[in-house]
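Just so you know, these numbers come straight off a predicted model, no measurement behind them. All heavy atoms count here, side chains included; hydrogens, waters and symmetry mates do not.
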Amino acid sequence: YLLGIINDIVDLSKIEAGKMSLESAEEFPLRNAFGASLSMVAPLGEKFGVTLISDQPDENVRLLAVERMIRQILINLLGNAVKFTNSGGCVYIGGALLPGGGYCISVRDTGVGMTEEEIGKALQPFGQIQNHMTAKHNGTGLGLPLAKAMMELHGGTLEISSVPDLGTTVLLNFPAARISAGAAAAAA
């Protein structure tokens, strides 16, 4: 756990200092990152009685990125969604090609939700929202800021919309330059 915290701090510091690059970016099937992330978070969902629902991307959808970072983003988002969803709730992950050739991944939950002010706080390093779910879970407040920084490093955006007591949706928008031509052709 401590090593994970240290690695998150180091990664965030590298990104903020402009020292993390995408030199190791390679094209890979986005479906692989979905599958790996879901398998990491599934035991947490079972533990807390939260159903995970996945709409896997078509096998032709390929992303030019650092796969380790994309997996980390998805694990952070799915883990948060599970942790802040009551037993009996669900977490959904899916994606779609965008008209301009980009790709949008959506992580949606039926959890406790957040106010606009809380979203702002959650996006700050070490910013943690206090609610009835927080006491049950370990956390440092680095997951969302790190996910946002990694998305921006890839030229993408992370957008959060949320309603208290109704849930949260996080959209990961990748630019067309990160989506392989094969994926765009398959969608046409």
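- Under the side-chain contact (heavy atoms from CB on, under 4.5 Å) criterion, Ile160 pairs with Met114, Ile119, Leu123, Leu144, Leu158, Thr168, Val170, not counting sequence neighbours.
- With respect to the salt-bridge test (charged N to carboxylate O, under 4.0 angstrom), the residues Arg31 and Glu59 do not qualify.
- Contact of the Phe174 side chain with the Ile105 side chain is registered, since non-hydrogen atoms from C-beta on lie closer than 4.5 Å.
- Leu98 meets the side-chain contact (heavy atoms from CB on, under 4.5 Å) test with Cys104, Asn173; sequence neighbours excluded.
- Counting heavy atoms from C-beta on, the side chains of Pro57 and Tyr103 come closer than 4.5 Å.
- With respect to Lys121 and Glu117, no salt bridge is recorded, no charged nitrogen being found less than 4.0 Å from a carboxylate O.
- For the pair Phe84/Asp109, no side-chain contact is recorded, criterion being any heavy-atom separation below 4.5 Å from C-beta on.
- When each of Leu44, Asn80, Leu52, Val41 is paired with Val91, the side-chain contact (heavy atoms from CB on, under 4.5 Å) condition holds for Leu52 and for no other.
- Rounding to the nearest 0.5 Å places CE of Met69 at 13.5 Å from CG of Leu74.
- Using a 4.5 Å cut-off on side-chain heavy atoms (C-beta onward), Phe48 and Thr85 make no contact.
- Side chain of Arg71 to backbone of Ala36: no donor-acceptor contact under 3.5 angstrom is found.
- A distance-only check finds no donor-acceptor pair linking the side chain of Thr169 to the backbone of Arg108 [under 3.5 Å].
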